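Encoded as C-alpha cells, the structure appears first; notes follow it.
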Amino acid sequence: MYILGIETSCDETGVAIYHSQRGLVHHLLYSQIEMHSEYGGVVPELASRDHIRKLIPLIKQLLHESKLTKIDITVIAYTAGPGLMGALLVGAATAQSLAFAWQIPAVAVHHMEGHLLAPMLEENPPEFPFVALLISGGHTLLVKVESIGNYELLGESLDDAAGEAFDKTAKLLGLNYPGGVKLSELAKSGQVRFRFPRPMTDRPGLDFSFSGLKTFALNTFQKCEKTDQDKADIALAFQNAVAETLAIKCRRALQQTDLKTLVVAGGVSANTQIRTTLMAMIEKENGQIFFPRPEFCTDNGAMIAYAGYQRFLMGETQRLEIFARPRWAMSEL
Ligand code: KG4
Ligand code: ZN
C-alpha cells in the first residue's frame with residue numbers, strides 16, 4: 001500500500017510517498033528560505049500562505065513523477081503538531097479534505113516522532129531499544145525508545161533548543177537566517193582560540209541549557225575587534241561547545257539506560273562537526289550510532305509518511321476533523 005505524507009509545520013512544504021514493501025518511493029521539498037530571509041526569520045503568516053500556494057501543486061507533481069494516481073493511495077499522513085498553528089492548519093485541512101474526497105483514512109503525525117523515525121528510512125536502520133537525541137529548531141530531547149510509541153523522556157532543554165541557540169548566535173554574529181547552516185559554514189574557517197562552557201555537564205542529570213552559550217558568544221564578540229576571523233573563531237568555539245555538551249549527555253544517557261545504540265535526528269543533526277563528535281564518543285563506548293541522511297535531518301515529507309504508516313499499522317486514524325496542535329508533548333503519544 002502507498003502512504004502519502006504531508007509536512008507543513010514550519011517553513012518547509014514536504015510531501016512524500018512511502019510504500020509498505022518497497023519503502024520510500026519519492027519525495028519533494030519546497031523550502032521557503034528565500035522568502036523568509038528578507039525578514040531575518042520565519043514570518044508565520046507568510047509561511048501559512050506559501051504552504052497554501054505550494055502544497056496542492058507539489059502533491060500533483062509527486063503523484064505524476066511517481067507514476068501514481070489518487071486511487072493508488074491508501075492513507076494520508078500529515079504533521080498535526082507541534083509547529084506554527086497556521087502552517088499546521090494548511091497541512092491538516094488539505095490532508096483531511098483529500099482523505100474525504102478520496103474516501104481514505106488520514107493519520108495525524110507528531111512532528112518529533114517523524115524526526116525520531118527518519119533513520120528508519122535508511123538501508124541499515126537501527127534496532128529497538130535505543131536512546132534518541134532529537135535536536136531541532138524547537139526541541140532538544142533525549143528519549144529512551146523501547147518501540148514505536150513507547151517513549152520515555154530522559155532529558156530536554158530547559159531554555160533554548162539546540163537549533164534555536166545556533167540561529168540566535170548566528171544572528172548576533174551578523175549572519176542571516178537560516179543561521180544554523182551559515183554558522184557551521186563560518187566555523188570551517190575558525191581557529192581554536194576561545195573556550196566556551198559545556199553547560200550543565202558538571203552536575204548529574206540529562207537536561208540541557210543552551211541560552212548561556214549565546215550570551216557567552218555575545219560577550220566574547222563585544223570584547224574583540226569583530227573581524228571576520230573573530231566571527232569564525234567564535235562560531236567554531238560555540239559549535240564545539242554544543243557538540244561536546246551533546247556528546248557528554250548522550251554518553252550519560254547510554255550509561256544510565258544500559259543501552260549501546262544512539263539515534264540522532266532533527267535539523268541540527270545535519271551538522272558535520274556534531275556528527276563527528278558523537279561518532280567519536282560512540283566508538284569509545286563500543287556502541288552504534290545512526291543518523292538520517294542529511295536531507296532527512298531537516299524537515300521533510302518522507303519521515304511523516306513513514307511515521308504515519310507506523311501509526312496506521314497501530315490502528316490510529318483520524319475522524320473527519322481538522323486536528324492541529326501547536327504545542328504537543330511527545331510523552332502524550
Ligand atoms: O528539524 P528542523 O528542520 O525544524 C524543526 O523541527 O525545528 O530543524 C531546524 C533547525 C534550525 O534551527 C537550523 O538552524 C538547524 O536546525 N540546522 C542546523 C544545521 N542545519 C539545520 N544547525 C547546525 N548545523 C547545521 N548544519
Ligand atoms: Zn523539524
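Note that these values count all heavy atoms, side chains included, but never hydrogens, waters or copies made by symmetry. Remember, it's a predicted structure, so these values are computed and weren't measured experimentally. Atoms within a ligand are numbered from 1 in the order they appear, just like the ligands themselves.
By the 30° and 60° cut-offs, the orientation of the rings of Tyr306 relative to Tyr309 is perpendicular.
From the protein, the heavy atom lying nearest to atom 22 (N) of ligand 1 is Gly180 CA, 3.7 Å. The protein non-hydrogen atom at the shortest distance from atom 12 (O) of ligand 1 is Asp167 OD2, 2.7 Å.
On a distance-only criterion, Gly163 and ligand 1 share at least one N/O pair closer than 3.5 Å.
Using a 4.0 angstrom heavy-atom cutoff, Pro178 does not count as in contact with ligand 1. Residue contacts with ligand 1 do not include Glu12, since none of its heavy atoms lies under 4.0 Å from the ligand. In this structure, Cys10 has no heavy atom closer than 4.0 Å to ligand 1.
Note on His111: counted as a metal contact of the Zn ion (ligand 2), an N/O/S atom lying under 2.8 Å.
Each of the following atoms of ligand 1 lies closer than 4.0 Å to a heavy atom of Asp299: 1 (O), 2 (P), 3 (O), 4 (O), 5 (C), 6 (O). Ligand-side atoms of ligand 1 in range of Gly137: 5 (C), 7 (O), 8 (O), 9 (C), 10 (C), 12 (O), range being under 4.0 angstrom from any heavy atom. Each of the atoms 26 (N) of ligand 1 lies under 4.0 Å from some heavy atom of Ser184. Near His111, meaning under 4.0 Å from one of its heavy atoms, ligand 1 places the atoms 6 (O). In the vicinity of Gly138, heavy-atom distances shorter than 4.0 Å reach the ligand 1 atoms 7 (O).
For atom 21 (C) of ligand 1, the candidate residues are Ala161, Gly114, Gly267; the nearest heavy-atom contact is made by Gly267. The residue from Gln239, Gln273, His115 that puts a heavy atom closest to atom 1 (O) of ligand 1 is His115.
Checked against the 6.0 Å centroid threshold, Phe296 and His27 count as a close aromatic pair.
Applying the salt bridge (charged side-chain N to carboxylate O under 4.0 Å, His left out) rule to Arg198 yields the partners Glu244; only residues at least two apart in sequence or on another chain are considered.
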